[in-house]
Amino acid sequence: MHRTYSMRATRAPTASQIQNPPPPPSTTKSGRFFSRGGIGLGHALRRNAAGAFGPDLAKKLSQLVKMEKNVMRSLETVAKERMEVAQQLSIWGEACDEDVSDVTDKLGVLLYEIGELEDQYVDRYDQYRVTIKSIRNIEASVQPSRDRKQKITDQIAQLKYKEPNSPRIVVLEQELVRAEAESLVAEAQLSNITREKIKAAYTYQFDALREHCEKVAIIAGYGKHLLELIDDTPVTPGETRAAYDGYEASKAIIQDCEDSLTNWVAQNAAVSAKLSTRARTLSTRRRNNIKARSEGGHDLSGQDAPLNDRDSWVPAGQHKDEEYEDDEDEEEDDIDAPSHSILDSETGLNGETRGRNQEPVIA
C-alpha cells in the first residue's frame, strides 16, 4: 500500500553532482570472471603478483594499486549486499503489525540509498586509484635510465680492474656523463609528477569520503526519526494497540531526507577539521616557505653581466703546448658542455679568475 515511494524515482542530479560531475563507472565493475565467489583468492593473487613483475622502481606502487583494486571490489560487494539487505528487511516487515511494517519499509528505502551511495563512492574512489596508477607508470619509465647508468658504471669498474689502460674506459666515461644527464632529467620529472599526482589523488579520495560520510550521517539521522514512529509501549495480554496513524509522517521524513541529500554541497558540510593553534602556525609556516621558494626561484640576474676585463684573455695558441693539450683533454671530458659558456673560460664574471693561473706571455 505505502510501498510506491522511491527516494530517487526521477534520478535528478543533486546539487553536489552539479557542482562536481560524477566520474565514469569504476573499472572494477566489469570484466569479472566471478561476481562474488573466490574474492579472497582473487585478492591474494592480485596483491602477490603485482610485486613479482615489472621494473624494481615500480613494484611497491604496483602492489599498492592492486591492493586498492581489492578494496574497490570489496566496497562494490558491500554496496550490493546492503541493497539486498534493504529489500529483505522490507519483505520481512510486511507481515508485521502496521507500524513495524511501515517503518521497516521506509528503513529499507534508507538502507538501499546507503547502498547506492556506496556504489557512487566506488566510482569516485577509482579516480584516486587511476591517479596513483599514473605515478606507477612514470616510475616504470624512469627505471631504464637508472639501469643504463648502472650498467655503464659496472662496465667501467670491470674494465679498470681487468684492463686499466683500455681505451674503451674513456668512451664509457663519456657515455656515463650522458646517461647521468638523462637520468637527472628523468628523476626531476618523476619528483615533480609524484608530488602533483599524490596531492590530486588523495584530494579525490578525501573529497569523496567526506561527501559519502556526510550523506550517510544524514540518512542515519532521519532513520532515527523513523524509529520514533514505532510505539514500543508494553501491552498486557489481550490488550489491543491503538491504530497506526504515522503513514504520512514516515513519508514526510523520507521526503525531507531526500531533500537534504539532494541539496548537500561541500560548503554546507557539518563536520570540519579544525587545527590547533600550534598545528595551524606550523602548517602556515610551511606553506609560506613553499610559496616563497616557488616565487623566488633561482637568481640568474648576473649570468649575462658584461665582462669587465676582456684584455686579460689570451689566444689559445699562445699557451704552452702542454697546457693546451690539457685544455683539449678537458673539452673531451666535458663534451656535452656548451663551448661558449662563460664558466669554461679562464676569466669568469666581472674579471674574476677561474681555474689555472695563467703564465705571462713572453713577447
Side-chain angles (χ1 to χ4, degrees), residues 1-26 28-29 35-36 71-94 96 98-128 204-230 244 246-271:
M1 175 176 172
H2 293 278
R3 303 184 186 279
T4 58
Y5 187 80
S6 172
M7 292 184 68
R8 294 291 183 272
T10 58
R11 286 295 167 190
T14 64
S16 177
Q17 289 175 336
I18 294 174
Q19 212 174 51
N20 298 306
S26 165
T28 62
K29 293 182 180 179
S35 59
R36 292 183 190 171
V71 171
M72 292 175 59
R73 292 277 174 89
S74 300
L75 291 173
E76 183 183 346
T77 301
V78 169
K80 291 181 178 179
E81 294 283 359
R82 194 181 300 277
M83 294 178 192
E84 293 179 0
V85 165
Q87 292 174 340
Q88 189 62 31
L89 175 64
S90 179
I91 292 172
W92 167 78
E94 192 171 9
C96 298
E98 287 188 345
D99 55 348
V100 175
S101 175
D102 180 55
V103 170
T104 53
D105 179 52
K106 297 301 189 294
L107 289 176
V109 172
L110 295 184
L111 293 177
Y112 195 92
E113 181 63 22
I114 292 178
E116 291 191 336
L117 289 176
E118 289 170 336
D119 192 62
Q120 296 171 13
Y121 176 63
V122 172
D123 295 338
R124 294 190 178 275
Y125 198 91
D126 194 40
Q127 279 187 304
Y128 147 77
Y204 286 141
Q205 182 179 146
F206 291 142
D207 286 347
L209 186 62
R210 185 184 191 186
E211 178 178 351
H212 176 71
C213 293
E214 288 266 350
K215 289 185 175 181
V216 169
I218 290 173
I219 293 175
Y222 284 100
K224 294 189 70 174
H225 286 304
L226 282 174
L227 294 177
E228 298 297 328
L229 301 180
I230 296 178
Y244 177 64
Y247 290 116
E248 292 299 322
S250 65
K251 185 176 180 179
I253 290 173
I254 293 294
Q255 289 174 335
D256 289 347
C257 182
E258 179 186 23
D259 293 339
S260 297
L261 293 176
T262 301
N263 298 325
W264 185 92
V265 289
Q267 290 79 358
N268 298 334
V271 179

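- With contacts defined as side-chain heavy-atom distances shorter than 4.5 Å, the pair Asp102/Leu226 does not qualify.
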Item to check | Test log, rule side chain to side chain contact (heavy atoms under 4.5 Å, CB included), inputs Leu117 and Glu113 | outcome: CA-CA 6 Å; Leu117 289 176; Glu113 181 63 22; 4.1 Å; yes
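- Considering NE2 of His225 and OG of Ser250, their distance stands at 14.0 Å, rounded to 0.5 Å.
- A distance-only check finds a donor-acceptor pair linking the side chain of Glu214 to the backbone of Val271 [under 3.5 Å].
- The shortest heavy-atom contact between Ala269 and Arg210 is CB-NH2, 3.4 Å.
- Between the OH atom in Tyr121 and the CG atom in Leu209 there is a gap of 4.5 Å [rounded to 0.5 Å].
- Remark: the Ser260 side chain and the Tyr222 side chain contain an N/O donor-acceptor pair separated by less than 3.5 Å.
- Applying the side-chain hydrogen bond (donor to acceptor under 3.5 Å, both in side chains) criterion to Tyr128, with sequence neighbours excluded, gives Glu68, Tyr202.
- Looking at heavy atoms from C-beta onward, Glu258 lies out of side-chain contact with Leu261 at the 4.5 angstrom threshold.
- Atom OG of Ser90 is separated from atom OH of Tyr112 by 12.0 Å, given to the nearest 0.5 angstrom.
- If you take CZ on Arg82 and CG on Asp119, they are separated by 12.0 Å, rounding to the nearest 0.5 Å.
- A distance of 8.5 Å separates NZ of Lys106 from OH of Tyr247, quoted to the nearest 0.5 Å.
- Residues Cys96 and Ser101 share a closest heavy-atom pair of O-CB, 4.0 Å.
- Heavy atoms only, all atoms of each residue included: Asn268 and Asn263 are closest at ND2-O, 4.3 Å.
- Between atom CG of residue Leu110 and atom CD1 of residue Ile219 there is a gap of 6.5 Å, rounded to the nearest 0.5 Å.
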Next on the checklist: side chain to side chain contact (heavy atoms under 4.5 Å, CB included) for Leu229 and Tyr244? Distances and angles first, verdict last.
Outcome noted: CA-CA 9 Å; Leu229 301 180; Tyr244 177 64; 4.0 Å; yes
Next on the checklist: Checking Lys80 against Glu76 for the side chain to side chain contact (heavy atoms under 4.5 Å, CB included) test, could you report, in this order, the C-alpha distance in whole Å, the side-chain angles of both residues, the deciding distance, and whether it holds?
Outcome noted: CA-CA 6 Å; Lys80 291 181 178 179; Glu76 183 183 346; 3.5 Å; yes
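- Looking at every heavy atom in both residues, Gly115 comes nearest to Ala79 through O-CB, 3.5 Å.
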Checklist entry - Would Arg124 and His212 count as a side chain to side chain contact (heavy atoms under 4.5 Å, CB included) if you check the C-alpha gap in whole Å, the side-chain angles of each, and the deciding distance to 0.1 Å? => result CA-CA 10 Å; Arg124 294 190 178 275; His212 176 71; over 6 Å; no
